[in-house]
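Numbering of residues begins at 1 and proceeds along the displayed sequence.
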Amino acid sequence: YDNNLSVKLAIGAVKLKEAIVKPASITMMEDTLKYNVQSFVQKQDKNIGDVLKRMPGIQVMENGEIRYNGAPISNFYLNGKEMLGTRYGIATNNISPLDVAKVEVLENHQPIKALRNRAYSDKSALNIKLKESARSKWRSTLNVAAGYADSSYAGGTAAAYDAALFTMNIGGKTNWMISAKANNVGVPIIKELTSFDDYNGFSSADYTS
């Protein structure tokens, strides 16, 4: 009885369907949590602050204060530099999400370099990393709206306007961020200058990623 079986295979090629490799939405490296911004952006987002609200663990309060896991962040960085101190609303309300590559949360962050690895900190800081295409270049946005609206001051219908200009140049030896706004429709423009240092205060520092 012969139980040997002979199988002859044919040589051929199989065309595979197109494969798309996407970067991970969130990655962790030591004490740094990195969010891939483009994984959270939606068409209606006007600024990076709108995107932050969608990132797990990050909360943006009604007044613009940023919290991580329920606690206020201790420092806010742009490309590793602390430019705005406690008034980071200028950045979150104006920087386009299309110019941002990653948002990093620095857990157990110690802003004083001499104390790093020496003194424990339970604070968290946030770092906005711009895309290479947005670094050391002037980036500007202009939003203008005009029309007519009911006005109690004018006693009827009156002309109304709301205009905002933002420009920045971040990443070089000298960094610039300029915001100019004006309106007569009652939108508060001083809100972006709110200082979020009531709980502890900020220390001027640089963070090198």
Side-chain angles (χ1 to χ4, degrees), residues 35 37-38 40-55 58-68 72-104 125-131 133-199 201-202 204:
Y35 298 81
V37 171
Q38 301 312 311
F40 298 92
V41 172
Q42 296 183 0
K43 291 182 179 180
Q44 70 271 21
D45 294 334
K46 297 180 179 179
N47 51 58
I48 190 60
D50 291 336
V51 186
L52 289 174
K53 297 175 182 178
R54 229 171 276 119
M55 294 178 172
I58 298 178
Q59 302 88 39
V60 180
M61 311 308 290
E62 188 175 345
N63 65 352
E65 180 188 44
I66 298 175
R67 297 187 177 189
Y68 176 67
I73 61 171
S74 63
N75 296 78
F76 182 91
Y77 300 103
L78 279 170
N79 278 359
K81 298 291 184 180
E82 188 177 60
M83 293 177 53
L84 302 169
T86 61
R87 294 178 171 84
Y88 50 76
I90 297 175
T92 57
N93 290 325
N94 290 287
I95 293 179
S96 169
L98 300 179
D99 287 334
V100 180
K102 292 185 182 297
V103 168
E104 298 178 336
L126 190 137
N127 181 43
I128 302 293
K129 293 192 72 173
L130 298 177
K131 293 180 179 178
S133 59
R135 296 186 183 187
S136 302
K137 296 179 182 178
W138 287 103
R139 310 288 284 185
S140 301
T141 57
L142 174 64
N143 295 300
V144 179
Y148 290 90
D150 292 335
S151 172
S152 58
Y153 298 102
T157 302
Y161 67 89
D162 187 0
L165 171 66
F166 175 76
T167 185
M168 71 174 187
N169 190 321
I170 307 294
K173 293 182 178 180
T174 303
N175 297 292
W176 295 84
M177 188 176 294
I178 302 170
S179 178
K181 296 190 175 184
N183 72 78
N184 65 347
V185 293
V187 177
I189 58 178
I190 198 66
K191 185 177 180 180
E192 291 182 353
L193 298 179
T194 299
S195 178
F196 305 111
D197 62 350
D198 293 339
Y199 61 92
F202 284 58
S204 179

Please determine whether the number of non-hydrogen atoms from other residues, nucleotides or ligands lying under 6.0 Å from atom NZ of Lys46 exceeds 12.
no
What distance separates Asn94 CG from Asn143 CG, expressed to the nearest 0.5 Å?
9.0 Å
CA sep, side-chain torsions, deciding dist, call: Ile95, Ile170, side chain to side chain contact (heavy atoms under 4.5 Å, CB included)
CA-CA 11 Å; Ile95 293 179; Ile170 307 294; over 6 Å; no
Would you call Tyr35 and Lys129 a side-chain contact if the rule is heavy atoms closer than 4.5 Å?
no
CG of Leu126 to CD1 of Ile58, rounded to nearest 0.5 Å, is 5.5 Å
Go through it in stages, so that I can follow the logic: the residues are Phe40 and Val103, the test is side chain to side chain contact (heavy atoms under 4.5 Å, CB included), and I'd like the CA-CA distance, side-chain angles, deciding distance and then a yes or no.
CA-CA 11 Å; Phe40 298 92; Val103 168; over 6 Å; no
For Pro97 against Ile48, the heavy-atom pair lying closest together
CD-N, 4.0 Å
Enumerate the residue pairs fulfilling salt bridge (charged side-chain N to carboxylate O under 4.0 Å, His left out) with a member in residues 84-94, sequence neighbours excluded, ordered by first and then second residue.
none
Ring geometry between Trp138 and Trp176 (parallel below 30°, tilted from 30 to 60°, perpendicular above 60°):
tilted
Measuring from Asp99:CG to Asn47:CG, what's the distance to the nearest 0.5 Å?
12.0 Å
Side chains of Leu84 and Met177: does their closest heavy-atom pair fall under 4.5 Å?
yes
Counting N and O atoms only, with roles assigned by atom type, does the side chain of Gln38 sit under 3.5 Å from a partner on the main chain of Val100, one being a donor and the other an acceptor?
yes
On a heavy-atom basis, the closest approach of Phe76 and Ala91 is CE2-CB, 3.8 Å
Compare every heavy atom of Gly64 with every heavy atom of Tyr88, then report the nearest pair and how far apart it is.
CE1-O, 3.7 Å
Would you check, one step at a time, whether the test side chain to side chain contact (heavy atoms under 4.5 Å, CB included) holds for Met168 with Leu78?
CA-CA 11 Å; Met168 71 174 187; Leu78 279 170; over 6 Å; no
Has Asn127 got a side-chain atom pairing as donor or acceptor with Gly80's backbone, closer than 3.5 angstrom?
yes
How about Glu62: does its CD atom have over 12 heavy atoms from other parts shown lying under 6.0 Å from it?
no
Out of curiosity, Lys181 NZ to Asn93 CG, how far, rounded to the nearest 0.5 Å?
6.0 Å
Atom pair NZ/CG of Lys137 and Leu130 - distance to nearest 0.5 Å
12.0 Å
I would like to know whether Arg54 and Asp45 meet side chain to side chain contact (heavy atoms under 4.5 Å, CB included); could you show each step before the answer?
CA-CA 11 Å; Arg54 229 171 276 119; Asp45 294 334; 2.8 Å; yes
May I ask you to decide if Ala159's main-chain N or O and Asn184's side chain share a donor-acceptor pair within less than 3.5 Å?
yes
Indicate yes or no: at least one non-hydrogen side-chain atom of Met55 is less than 4.5 angstrom from one of Val37.
yes
Rounded at 0.5 Å granularity, tell me how far CD in Glu65 sits from OG1 in Thr92.
11.5 Å
Measure across Gly172 and Ser136 and return the closest heavy-atom pair with its distance rounded to 0.1 Å.
N-OG, 3.4 Å
